[in-house]
Number of protein chains: 2
Amino acid sequence: MKLYKGSHKHLVAVDCIIFAYDIAEKEIKLLLIKRSIEPAKGKWSVAGGFVQDDESLDAAASRVLKRLTGLDHMHLSQSSTYGSLNRDPGARVISVSYSALIKIQDLSPDAAGLYHAHWRSILKLPELIFDHGTMVADALENLREQIKRKPVGFELLPEKFTLVQLQDLYEALYQRPVDKRNFRKKILAMNILEKLDEKEKETSRKGAWYYRFIRERYQVLTRNGFYFNLDVN
Amino acid sequence: MKLYKGSHKHLVAVDCIIFAYDIAEKEIKLLLIKRSIEPAKGKWSVAGGFVQDDESLDAAASRVLKRLTGLDHMHLSQSSTYGSLNRDPGARVISVSYSALIKIQDLSPDAAGLYHAHWRSILKLPELIFDHGTMVADALENLREQIKRKPVGFELLPEKFTLVQLQDLYEALYQRPVDKRNFRKKILAMNILEKLDEKEKETSRKGAWYYRFIRERYQVLTRNGFYFNLDVN
DNA sequence: TTTTTTAAGTGTATAAAATACATTTAAAAG
DNA sequence: CTTTTAAATGTATTTTATACACTTAAAAAA
């Protein structure tokens with residue numbers, strides 16, 4: 001069956017904006033790739049790839065991400081689609097952007113070597129090719145909204161994390177200080193964290209208690225009309 | 001210049017979910033088209049078209065919308081992109097969905113005749129082709145969120161409208177009653193409406209005052225940190 | 001002309017949520 | 001045992017959200 005004859009076909013790419021959080025440096029980072037093909041070879045870009053004939057958009061994004069992280073499953077969501085005529089000087093390419101949230105250690109051995117992948121703070125991004133700067137800005141804006149209403153911050157932290165680390169993450173994303181007592185009051189009131197009986201002792205003498213996000217409890221609450229809300233003051 | 005050789009090309013479509021509000025019937029309506037080509041000829045769908053070689057995605061959506069409404073400018077925003085392998089049985093098509101908000105009277109003469117376009121209440125939608133049902137559900141969900149935080153409700157109403165009409169619109173979208181006094185208190189407190197000295201007299205003896213949305217004032221306020229918020233209780 | 005009918009318009013008291021803010025505690029180092 | 005450092009904690013105040021019922025305007029009917 002060969003329908004829709006006469007309609008133009010297009011190159012379609014997926015571009016993945018990969019976010020992680022660096023606990024030590026208290027910075028949100030983005031995985032950037034040194035581009036290996038023309039045009040713009042050697043310039044910085046986000047990770048991308050063309051959508052193949054036999055794969056869905058989501059599958060294409062997963063493939064690109066697996067190449068860099070080795071991970072099969074991760075927090076991945078479609079953001080926006082970019083289709084201006086001359087966004088890529090090499091050819092007319094329509095690009096679907098995806099946001100991925102991962103733990104900073106999750107990089108494949110190939111990532112640094114083969115793909116020249118590097119983590120860069122969102123505060124000090126180099127110039128990016130094409131409209132990747134816009135994609136990143138859009139994705140970041142989206143993440144800032146998402147993290148208020150969905151428990152996505154935990155995707156960027158290890159399984160065990162302290163409330164200090166969680167707050168630092170929010171502060172890094174919003175670039176403004178957050179009231180410690182109010183922040184803890186809000187997140188603990190949601191009743192979706194479990195306090196472990198273990199302390200993080202690297203960064204202070206006293207040590208800070210570890211917590212864990214209980215996804216199952218969150219899901220049960222959600223089914224009963226609960227809404228995650230961590231509006232930062 | 002012929003780069004990216006060997007990568008597959010795809011048919012790319014735009015599909016427009018066109019919303020309007022029927023004041024008399026107090027119903028949110030969707031513009032549906034009787035499909036004129038195979039596959040699924042004669043079935044209901046949203047308005048769509050293939051993206052041409054020389055037009056951006058936004059331009060393609062605008063073209064589709066102009067065909068039906070004759071309008072050059074309207075509230076139009078990209079929603080989501082759909083790319084499963086078999087979403088269209090006719091061929092592999094990747095589809096970018098757009099939401100449009102228009103006034104119900106804005107239909108081109110061709111719309112009804114040539115395209116068999118019909119307004120249908122979102123409460124009584126027929127079965128739609130392919131994944132158009134999902135597209136509509138996603139767009140509707142998006143609209144419900146948008147209308148809380150952005151002054152998009154006014155796009156669905158005439159220039160002059162009453163507070164009763166505005167509230168009815170919110171109630172139609174949420175399918176639940178809204179407290180009249182609290183609703184009016186909130187919207188008027190924003191100071192973005194101007195009370196006209198004219199009454200709407202069709203629907204009641206007493207008549208309801210007409211108001212007008214002052215976009216300029218909204219924009220000024222927005223620049224000064226104001227956020228539209230009409231969370232319905 | 002008075003009365004009835006109908007939908008528009010209005011205010012206040014209470015509850016809940018957001019915010020501002022400073023001291024105490026635990027633990028290691030000196 | 002004193003000092004140092006970051007973690008942990010509670011309350012009062014302000015702001016926002018909510019619940020709730022009567023009055024008013026105007027035409028239609030008596």
Side-chain angles (χ1 to χ4, degrees), chain A residues 23-26 147-149 157 160-172 174 176-212 221 225-233, chain B residues 23-26 147-149 157-158 160-172 174 176-212 221 224-233:
Chain A
I23 292 179
E25 302 193 13
K26 302 185 185 177
I147 207 167
K148 288 180 189 172
R149 315 264 171 237
L157 289 169
K160 300 185 294 187
F161 55 87
T162 70
L163 296 186
V164 175
Q165 290 168 349
L166 184 63
Q167 180 177 339
D168 285 348
L169 164 56
Y170 275 77
E171 290 182 338
Y174 289 110
R176 82 177 101 108
V178 169
D179 184 279
K180 193 202 269 199
R181 283 176 285 190
N182 295 335
F183 182 83
R184 295 163 93 102
K185 204 188 309 173
K186 279 190 192 179
I187 185 68
L188 290 176
M190 289 189 214
N191 212 30
I192 54 176
L193 296 189
E194 180 187 17
K195 186 181 188 170
L196 308 179
D197 51 5
E198 184 188 352
K199 277 187 168 182
E200 188 279 321
K201 308 274 296 175
E202 307 291 301
T203 41
S204 82
R205 304 202 228 285
K206 182 178 179 179
W209 291 107
Y210 274 124
Y211 286 78
R212 186 178 78 81
L221 287 168
F226 165 81
Y227 286 101
F228 184 96
N229 183 307
L230 200 44
D231 244 311
V232 137
N233 52 36
Chain B
I23 292 180
E25 302 193 14
K26 301 183 185 179
I147 206 167
K148 288 180 187 171
R149 316 264 170 237
L157 289 169
K160 299 184 296 186
F161 55 87
T162 70
L163 296 186
V164 175
Q165 291 168 348
L166 184 63
Q167 179 176 340
D168 285 347
L169 164 56
Y170 275 78
E171 290 182 339
Y174 291 109
R176 83 177 101 107
V178 169
D179 184 280
K180 193 203 269 199
R181 282 176 285 190
N182 293 336
F183 182 83
R184 295 163 93 102
K185 205 188 308 173
K186 279 191 192 178
I187 185 67
L188 290 176
M190 290 190 214
N191 211 31
I192 55 175
L193 296 189
E194 180 186 18
K195 186 181 189 172
L196 307 179
D197 51 5
E198 183 187 353
K199 277 185 167 182
E200 189 279 320
K201 308 274 294 176
E202 306 290 304
T203 41
S204 81
R205 302 203 229 286
K206 183 178 178 180
W209 292 106
Y210 274 122
Y211 286 78
R212 187 178 77 83
L221 288 168
N224 295 317
F226 164 82
Y227 286 101
F228 185 95
N229 182 306
L230 201 42
D231 244 312
V232 137
N233 55 34

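Numbered from 1 within each chain, the chains take letters A, B, ... in sequence-line order.
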Task: Close side-chain approach of A:Leu193 and A:Leu163, heavy atoms under 4.5 Å - done: yes

Task: Check: A:Lys206 side chain, C:dA26 base, donor-acceptor under 3.5 Å - done: no

Open item on the list: Suppose we call a contact any N or O donor and acceptor under 3.5 Å apart; does that hold for the side chain of A:Asn182 and the base of C:dA20?
Closed with: yes

TODO: Round to the nearest Å and state the distance from B:Leu166 atom CG to C:dG9 atom C1'.
DONE: 15 Å

Task: Interatomic distance, B:Phe161 atom CZ to B:Tyr210 atom OH [nearest 0.5 angstrom] - done: 11.0 Å

TODO: Check whether any side-chain heavy atom of B:Leu157 sits under 4.5 Å from a side-chain heavy atom of B:Tyr211, and report yes or no.
DONE: no

- [ ] Confirm from the modelled atom types if B:Arg184 and C:dA8 form a donor-acceptor pair under 3.5 Å, side chain to base only.
- [x] no

Task: Test item: B:Lys195 and B:Leu188 side chains (from C-beta on) under 4.5 Å apart, heavy atoms - done: no

TODO: Measure the spacing between CD of B:Glu198 and CH2 of B:Trp209 and express it to the nearest 0.5 Å.
DONE: 9.5 Å

Open item on the list: From CZ of A:Arg181 over to C1' of C:dT19, roughly how many Å is that when rounded to an integer?
Closed with: 11 Å

Task: 5' priority, DNA chain D, between B:Gly207 and A:Ala208 [closest heavy atom] - done: A:Ala208

TODO: Calculate the interatomic distance between B:Phe183 atom CZ and C:dT10 atom C1'; express it in whole Å.
DONE: 16 Å

- [ ] Calculate the interatomic distance between B:Gln165 atom CD and C:dA7 atom P; express it in whole Å.
- [x] 15 Å

TODO: Would you check if A:Phe183 and A:Asp179 make a side-chain contact, meaning some heavy-atom pair closer than 4.5 Å?
DONE: no

TODO: Could you check which residues of residues 194-203 of chain A get a heavy atom under 4.0 Å from DNA chain C? Sort them by number, please.
DONE: A:Lys199, A:Lys201

Open item on the list: Let me spell it out: for each of B:Tyr211 and B:Arg205, pick the nucleotide of DNA chain C with the closest heavy atom. Which residue's pick is nearer the 5' end?
Closed with: B:Arg205

TODO: Spell out yes or no: do the side chain of A:Lys180 and the base of D:dA8 have one donor N/O and one acceptor N/O closer than 3.5 Å?
DONE: yes

Open item on the list: Between D:dT16 and B:Lys185, counting only base atoms on the nucleotide and side-chain atoms on the residue, is there a donor-acceptor pair under 3.5 Å?
Closed with: no

- [ ] Report yes if the side chains of A:Gln167 and A:Ile187 come closer than 4.5 Å at any heavy-atom pair, otherwise no.
- [x] no

Task: Separation of atom CG in B:Asp231 from atom P in D:dT18, rounded to whole Å - done: 8 Å

TODO: Let me know the distance between NZ of A:Lys148 and C1' of C:dA17, rounded to the nearest Å.
DONE: 16 Å

- [ ] Check the distance between D:dA17's P and B:Asn229's CG and give it to me in whole angstrom.
- [x] 6 Å

Open item on the list: Rounded to whole Å, please give me the gap between CG in B:Asp179 and P in C:dA13.
Closed with: 17 Å

